[in-house]
2 protein chains.
Amino acid sequence: MHRVTSSQTKQTTRTAEQILDVAERLAQTRGFNGFSYADVSDELGITKASLHYHFRTKAELGRQLIARYSLVFRGILEEIELGTTGEAAMVDRYVKVYADVLRGQRMCLCGMLAAEYTTLPEAMQSEIRRFFDLNEEWLTTIFERGRASGELAFEGPARDVANLLLGTLEGAMLVARSYGDVQRFEAVAARLVGGMKPPLRPRSTA
Amino acid sequence: MHRVTSSQTKQTTRTAEQILDVAERLAQTRGFNGFSYADVSDELGITKASLHYHFRTKAELGRQLIARYSLVFRGILEEIELGTTGEAAMVDRYVKVYADVLRGQRMCLCGMLAAEYTTLPEAMQSEIRRFFDLNEEWLTTIFERGRASGELAFEGPARDVANLLLGTLEGAMLVARSYGDVQRFEAVAARLVGGMKPPLRPRSTA
DNA sequence: GTCTATAGGCAGATAGAC
DNA sequence: GTCTATCTGCCTATAGAC
């Protein structure tokens with residue numbers, strides 16, 4: 001076990017995956033500083049010592065948490081890109097990913113960790129930035145392509161629009177969750193995205 | 001001491017104010033779960049026991065932290081409203097308040113606490129919502145007035161635009177702080193606010 | 001109002017048996 | 001891989017002297 005298959009990702013066992021699942025949910029609801037090894041081990045019916053066997057330190061658990069999250073997210077983005085027609089629809093699906101996370105009573109893992117940023121070990125901090133970079137890159141590509149095809153309309157660098165959308169989704173999630181109101185998030189997202197669709201849409205549903 | 005002057009606000013002593021100052025900065029940088037009484041007392045050169053004299057529990061400290069923050073914020077909003085000409089300029093100043101917080105290496109207190117929301121006592125949760133409500137109300141008023149005067153241009157309910165701006169500022173702050181990059185925040189804010197200014201501005205500088 | 005002293009609990013982490 | 005047992009340290013909070 002614990003054989004390194006790449007520089008960042010490990011060959012995890014089934015128990016390790018279960019630990020990550022529970023820790024991920026707790027981190028997304030309570031924050032990384034808001035749960036303990038005891039919380040995770042209690043829920044899985046194992047001891048804290050066993051947990052330390054799979055993840056030597058909490059910092060290491062945290063780092064792998066983000067690494068796995070980013071990997072899954074990357075897969076989702078690829079699926080959206082390959083399985084969707086039209087950049088406007090891709091953006092809609094991207095927004096829906098965030099809405100679904102919120103519907104599950106969770107925050108985006110990295111939005112959550114960004115709040116605790118200064119208290120986290122450097123290894124986790126860089127993984128968080130990588131996650132944001134990943135989102136920024138993907139969105140920038142989609143926006144550039146969308147403007148070229150006429151599916152999307154906006155002024156200035158696509159990268160700026162990408163940062164606006166990413167920031168808005170993270171913040172709107174944060175606020176909406178305080179009210180337990182997913183609709184509040186959806187209204188904000190729809191307004192922002194709606195402003196990027198041209199009056200006459202080439203190949204959209206309307 | 002500790003005489004109640006209103007339902008929420010207490011007549012605080014000078015020491016109590018100093019405690020709130022330090023706790024506020026720590027909460028804005030590390031989160032409410034990211035600092036302890038020891039952190040505050042060490043910095044002020046007093047003991048933890050003294051701290052408990054001024055704030056019986058950490059939950060009570062937290063509640064008063066938000067109450068004071070909201071009070072100060074309300075004063076800032078009033079100052080902006082009374083001391084600024086034109087709703088577009090008011091929005092610009094509102095955004096600048098957030099930018100200045102970020103420049104001081106801090107997050108918005110309530111944006112920070114919103115991330116820890118589920119771990120906080122109910123008294124703090126309701127104070128956080130009140131802060132967001134305060135911002136939403138003020139922005140809604142400004143947007144409505146701005147549209148009526150022709151200073152601002154947007155479609156749909158002013159309240160929706162208010163929620164969009166609030167969410168975006170909180171989220172953009174969160175992300176920008178992870179990069180230690182205030183400009184990243186300013187670019188996002190400028191793009192959003194820029195989209196609400198009409199092509200021909202009645203009384204703005206341009 | 002501030003102190004010393006301490007309670008009681010939980011945190012992350014380790015040693016070593018099975 | 002999982003366990004029991006334990007360590008050390010920090011946490012919030014209180015009692016009571018000054």
Side-chain angles (χ1 to χ4, degrees), chain A residues 1-4 10-27 29-66 112-113 116 118-125, chain B residues 1-4 10-24 26-27 29-66 113 116 118-125:
Chain A
M1 286 314 128
H2 282 216
R3 270 186 303 265
V4 176
K10 298 197 176 184
Q11 183 73 40
T12 51
T13 63
R14 199 168 164 281
T15 303
E17 286 295 331
Q18 289 178 320
I19 292 168
L20 287 171
D21 289 341
V22 173
E24 184 179 270
R25 195 189 69 248
L26 291 173
T29 48
R30 306 176 51 86
F32 189 71
N33 297 329
F35 78 92
S36 69
Y37 266 36
D39 294 323
V40 179
S41 59
D42 283 359
E43 194 161 332
L44 291 175
I46 58 174
T47 61
K48 288 190 292 173
S50 296
L51 238 164
H52 277 285
Y53 168 79
H54 294 282
F55 302 94
R56 202 154 298 189
T57 66
K58 200 188 174 193
E60 178 58 19
L61 169 62
R63 199 189 58 74
Q64 289 196 42
L65 217 47
I66 314 173
M112 198 68 157
L113 299 181
E116 302 175 287
T118 62
T119 73
L120 302 176
E122 212 284 322
M124 288 183 68
Q125 294 182 336
Chain B
M1 286 314 128
H2 281 219
R3 268 186 304 266
V4 176
K10 298 196 176 184
Q11 184 71 40
T12 51
T13 62
R14 197 166 165 285
T15 305
E17 286 296 331
Q18 290 179 319
I19 292 168
L20 286 172
D21 289 342
V22 174
E24 183 179 271
L26 290 173
T29 47
R30 306 175 53 86
F32 189 70
N33 298 327
F35 77 93
S36 69
Y37 266 36
D39 294 324
V40 179
S41 60
D42 282 0
E43 194 161 332
L44 290 176
I46 58 175
T47 62
K48 288 188 290 174
S50 297
L51 237 162
H52 277 285
Y53 168 79
H54 295 282
F55 301 94
R56 203 157 296 193
T57 65
K58 199 188 175 192
E60 178 58 18
L61 169 63
R63 200 189 57 75
Q64 290 196 42
L65 217 48
I66 313 174
L113 299 181
E116 301 175 289
T118 61
T119 72
L120 302 176
E122 211 284 322
M124 289 183 69
Q125 293 182 337

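Numbers restart at 1 for each chain; the letters A, B, ... are given by sequence-line order, proteins then strands. No experiment lies behind these values; they were computed from the predicted model shown.
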message: Without decimals, in angstroms, what is the distance between B:Gln18 CD and C:dG1 P?
response: 12 Å
- prompt: Nearest-Å distance, CG (A:Leu44) to P (D:dG1)?
  reply: 15 Å
- request: Whole angstrom is fine here: how far is it from NE2 in B:His52 over to P in C:dG1?
  value: 17 Å
- request: Provide, to the nearest angstrom, the distance between the CD atom belonging to B:Glu17 and the C1' atom belonging to C:dG1.
  value: 16 Å
- request: Taking only heavy atoms on the protein side, list every residue of residues 34-43 of chain A lying under 4.0 Å from any atom of DNA chain C, sorted numerically.
  value: A:Phe35, A:Ser36, A:Tyr37, A:Ala38
field: Nearest-neighbour nucleotide for the B:Lys48 side chain, D:dA13, D:dA15, C:dG1 considered
entry: D:dA13
- request: For B:Glu60 and D:dT14, give me the distance from atom CD to atom C1', rounded to whole Å.
  value: 17 Å
query: Closest to the B:Tyr53 side chain: D:dC3, D:dT12, C:dG1?
result: C:dG1
message: Distance check needed: C:dT14 P versus A:Phe55 CZ, whole Å only.
response: 16 Å
- prompt: Does the A:Glu116 side chain pair with the main chain of A:Asn33, one donor and one acceptor, at a distance under 3.5 Å?
  reply: yes
message: Among residues at least two apart in sequence or on other chains, which ones pass side-chain contact (heavy atoms from CB on, under 4.5 Å) with A:Thr29?
response: A:Arg106
statement: What one should report as the nearest heavy-atom pair of B:Gln64 and B:Thr12 is OE1-CG2, 4.1 Å
query: Taking atom P of D:dC10 as reference, at what distance in whole Å does atom CG of B:Asn33 sit?
result: 18 Å
field: Under-4.0 Å side-chain N/O to phosphate OP1/OP2 contact, B:Thr57 with D:dT12
entry: no
- line: Assign each of B:Gly45 and A:Phe32 the nucleotide of DNA chain C bearing its closest heavy atom; nearer the 5' end lies the nucleotide of B:Gly45
field: Any donor-acceptor pair under 3.5 Å from A:Asp39 side chain to A:Ser36 backbone
entry: yes
- request: Taking only Lys NZ, Arg NE, NH1 and NH2, and the carboxylate oxygens of Asp or Glu, determine whether B:Arg63 and B:Glu60 approach each other closer than 4.0 Å.
  value: yes
message: side chain to side chain contact (heavy atoms under 4.5 Å, CB included), that's the test. Do A:Glu17 and A:Arg14 meet it? Break it down for me.
response: CA-CA 5 Å; A:Glu17 286 295 331; A:Arg14 199 168 164 281; 5.5 Å; no
message: So if I take every side-chain heavy atom of B:Lys58 and compare against C:dG1, D:dA13, D:dC3, which nucleotide ends up nearest?
response: D:dA13
- request: Ignoring backbone atoms, test whether A:His54 places a side-chain nitrogen or oxygen under 4.0 Å from the OP1 or OP2 oxygen of D:dT2.
  value: yes
- prompt: Any side-chain heavy-atom pair from A:Leu20 and A:Phe55 closer than 4.5 angstrom?
  reply: yes
message: I need the CG-C1' distance between A:Leu120 and C:dG12, as an integer number of Å.
response: 16 Å
- request: Respond yes when some side-chain nitrogen or oxygen of A:Thr47 is under 4.0 Å from OP1 or OP2 of D:dC3, and no when none is.
  value: yes
